Amino acid sequence: MSKAGLAAVRGMNDVLPAEIGAWQHLERITRELFAAYGYEELRVPMVEQTTLFKRSIGEFTDIVEKEMFTFTEADGESLTLRPEATAGIARAAITNGLLRGARLKLWTSGPMFRHERPQAGRYRQFTQIDVEALGFAGPDIDIEMIAMTARLWRQLGITRVQLKLNSLGTPDARKAYREHLVTYFTQHAAALDADSQRRLGGNPLRILDSKNPAMQAVVSGAPLLTEHLDAESRAHFDALCATLAAMNIPYVIDPRLVRGLDYYSRTVFEWVTDALGSQNAICSGGRYDGLIDQLGGEHTPAIGFAMGVERVVALLRQGGQEFPRPAPHVYVVASGDRAMQVGLALVESLRDQHAALRFEMNQGGGNFKAQFRRADRSGAPLALVLGDNELERGVAALKPLRQEGGQQEVPLAELAARIPAILTTLNG
RNA sequence: GUGGACGUAGCUCAGCUGGUAGAGUCCCGGAUUGUGAUUCCGGCUGUCGCGGGUUCGAGUCCCGUCGUCCACCCCA
């Protein structure tokens, strides 16, 4: 529904009060979980120099080639709305001098931007929660990070997820494997579809990801990355798998999991769900041991992951959990100018004494009937009633709204002392 | 970026082979002139996504466009 020329930008959505509960729940759980594992929050800009993303994500990736929101500043500088967070965090660690042999465990969250065709679970502005560990060669940190995500799903009550793992090896090993792959697919070029022929030149590893059923035969005959790993990567990956198994964290090795960003090396992982349609990745990441020195910092092995907040929120809502909007504890009904004056001052003093209680003062007038209707809809368990009758006698009426009867009058001076106990009996 | 489905009140939807828009819900008021949620009565809300075309006449047919959804692609 668009009112004459007024519409949100395509692929960019509002999050309304009715749906914010699930977001805040996820934000609270992750904040506490990351702190428990020793991660600290940092915040980085949403805009960086375009070259940062080209150098880190890779010139020939889909993201850089066709999905970035890029604009030119007045002085000619090319800037880009971040399509992911790792590049900005790596840049921040270097430019703020945070490295120097240090070990950093960091997380951040916020909007990312990719100019893709929108679909359920895929938006042009979307939100990621991002976790990065810099200065750790693993595989112990890989294992702990994956265990942390597994714990997150348990805490959130999300069950329809599966962990996929792979190792991309070192850049050298991957380069050698890539040559094997190009040789193989060139021999079978006739069997490739148009997309795959295009990928053969740019990113042959992605051919392995093809969902075209007609490609299954030629893809399944292709050499596997896991068979061409260098010895160190092999040992790293074996240790990772063995420990996860010992910790009873289920996983499947997916030799075709190659990831779309160039900076990954060795461990890559992805949590997928069968509950969200084709946008099924809810959390994925991997090691990027070479990224920071490639950007000009000192050599710093690192691993990180990004979680798609909209997708995880969709799972939460689908799971049937309720995230009710908080109701006021007390709704204040005040009829008449004088009652309104007295009521406003009274509620301020009640707020002074009970900062944790939510008082909602009726605003916008209305007769008693209308005000009680609003009080009922607010969900408050208790109404505080001020009218001419009460004012004359220096009292307020307290009326329970979730049960019959029980209305009582209380002197104004005693309200602050009595309200908590009355609320307790109403909850019990 | 490619292909397909859909787009009528704030929300959920109806509207037959073209005759000029309806229901439920929500909201507001009254029955109950100081007491909500139930019941009854009454009332408000629409450039029928937008623009063009065909026609005496278009929500209905045609074209374009925008948006949503689905698949591809890509990925979180």
Side-chain angles (χ1 to χ4, degrees), chain A residues 1-13 16 18 57 61-67 82-86 109-130 193-196 198-199 203 206 209-213 215 257-261 268 270-273 276-285 304-315 331 333-336 339 362 364 366-391 397-405 407:
Chain A
M1 178 66 34
S2 69
K3 297 284 184 198
L6 239 205
V9 174
R10 180 167 160 83
M12 304 197 181
N13 303 117
L16 302 177
I57 297 169
T61 58
D62 279 26
I63 292 176
V64 168
E65 279 185 338
K66 53 195 184 195
E67 296 176 1
R82 62 181 181 191
E84 57 100 47
T86 302
S109 72
M112 308 294 158
F113 302 86
R114 293 184 199 172
H115 197 275
E116 297 183 273
R117 179 119 164 208
Q119 189 174 329
R122 186 172 77 182
Y123 309 105
R124 289 187 173 179
Q125 176 178 327
F126 60 101
T127 311
Q128 286 188 341
I129 294 175
D130 220 81
D193 62 16
D195 276 328
S196 298
R198 176 177 55 78
R199 290 175 184 135
N203 194 349
R206 294 221 64 85
D209 255 350
S210 175
K211 288 179 192 164
N212 185 348
M215 297 271 301
L257 180 64
V258 296
R259 316 292 309 128
L261 289 66
V268 291
E270 184 166 281
W271 288 95
V272 296
T273 176
L276 292 181
S278 70
Q279 304 305 317
N280 63 355
I282 60 167
C283 173
S284 62
F305 68 82
M307 181 174 17
V309 174
E310 286 83 357
R311 294 180 186 178
V312 175
V313 164
L315 283 181
Y331 192 100
V333 169
S335 181
N362 181 75
N367 57 26
F368 273 92
K369 181 185 175 70
Q371 293 200 33
F372 271 100
R373 189 163 51 225
R374 291 179 203 141
D376 182 56
R377 285 178 195 156
S378 78
L382 187 66
L384 189 160
V385 187
L386 271 182
D388 293 336
N389 292 351
E390 287 79 11
L391 286 181
L398 292 178
K399 174 176 179 167
L401 294 170
R402 307 288 145 218
Q403 63 183 50
E404 289 302 320
Q407 180 163 334

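Protein chains get the first letters and strands the later ones, always in sequence-line order, with residue 1 at the start of each. Keep in mind that this is a model prediction, so the values were computed, not measured.
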Review point. For the pair made of CG in A:N389 and C1' in B:U33, what is the distance, rounded to whole Å?
Key: 14 Å

Review point. Considering only the P atoms, how many Å lie between B:G24 and B:C44, rounded to the nearest integer?
Key: 14 Å

Study note, to complete from the structure: Shortest non-hydrogen pair, A:S335 vs A:D388, comes out as O-OD1, 4.4 Å

Practice item. Using the salt bridge (charged side-chain N to carboxylate O under 4.0 Å, His left out) rule, take A:R124 and A:E116 through it: C-alpha gap first, then chi angles, then the decisive distance, then the call. Key: CA-CA 6 Å; A:R124 289 187 173 179; A:E116 297 183 273; over 6 Å; no

**Study point:** Shortest non-hydrogen contact between A:V333 and A:A375, atoms and distance
**Key:** CG2-CB, 4.4 Å

Check your understanding: Can you name the closest pair of heavy atoms from A:A339 and A:A334 and give their distance?
Key -> O-CB, 3.9 Å

Study note, to complete from the structure: The contact string for nucleotides 35-45 of chain B, one letter per nucleotide 5' to 3', using protein heavy atoms under 4.0 Å with B, S and - for base, sugar-phosphate only and none, comes out as BBB--------

Review point. With a non-hydrogen cut-off below 4.0 angstrom, is A:G11 in contact with a base, only sugar-phosphate, or nothing?
Key: sugar-phosphate

Check your understanding: Passes side chain to side chain donor-acceptor pair (under 3.5 Å), A:Y331 versus A:N362? Steps please.
Key -> CA-CA 7 Å; A:Y331 192 100; A:N362 181 75; 2.7 Å; yes

Practice item. Applying salt bridge (charged side-chain N to carboxylate O under 4.0 Å, His left out), run through A:R114 and A:D62 and close with a yes or a no. Key: CA-CA 10 Å; A:R114 293 184 199 172; A:D62 279 26; over 6 Å; no

Review point. Quick one: does A:Q119's side chain have a donor or acceptor within less than 3.5 Å of a partner on A:Q279's backbone?
Key: no

Point to revise | Where A:Q125 and A:P111 come nearest, the two heavy atoms and their spacing | key: NE2-CB, 3.5 Å

Practice item. Heavy atoms under 4.0 Å is the rule here; annotate nucleotides 69-76 of chain B 5' to 3' with B where the base is hit, S where only the sugar-phosphate is, and - elsewhere. Key: SSBBBBBB

Review point. Can you tell me how far P in B:G53 sits from the matching atom in B:U17, rounded to whole Å?
Key: 26 Å

Review point. Distance between the P atoms of B:C73 and B:G67, in whole angstroms?
Key: 23 Å

**Study point:** Intra- and inter-strand pairs of RNA chain B in dot-bracket (Watson-Crick or G-U wobble, both distances under 3.5 Å; | for another strand)
**Key:** (((((((..((((.....[..)))).(((((.......))))).....(((((..]....))))))))))))....

Point to revise | d(CD, A:Q371; C1', B:C28) in whole Å | key: 15 Å

Point to revise | Separation of the C1' atoms in B:C13 and B:G7, to the nearest angstrom | key: 13 Å

Point to revise | A:K399 to A:F372 six-membered ring, cation-pi geometry met (6.0 Å, 45°) | key: yes

**Study point:** P spacing across the pair B:C26 / B:U32, given as an integer number of angstrom
**Key:** 23 Å

Check your understanding: Can a donor-acceptor pair be found between the side chains of A:T127 and A:E310 at a distance below 3.5 Å?
Key -> yes

Review point. Taking the P atom of each, how far is B:U55 from B:A14, in whole Å?
Key: 31 Å

Review point. Which atoms form the tightest heavy-atom contact between A:F368 and A:L386, and what is the distance?
Key: CZ-O, 4.3 Å

Point to revise | Gap in Å between the two P atoms, one belonging to B:G49 and one to B:A9, rounded | key: 8 Å

Check your understanding: For atom C1', what is the distance between B:U45 and B:G22, given to the nearest Å?
Key -> 14 Å

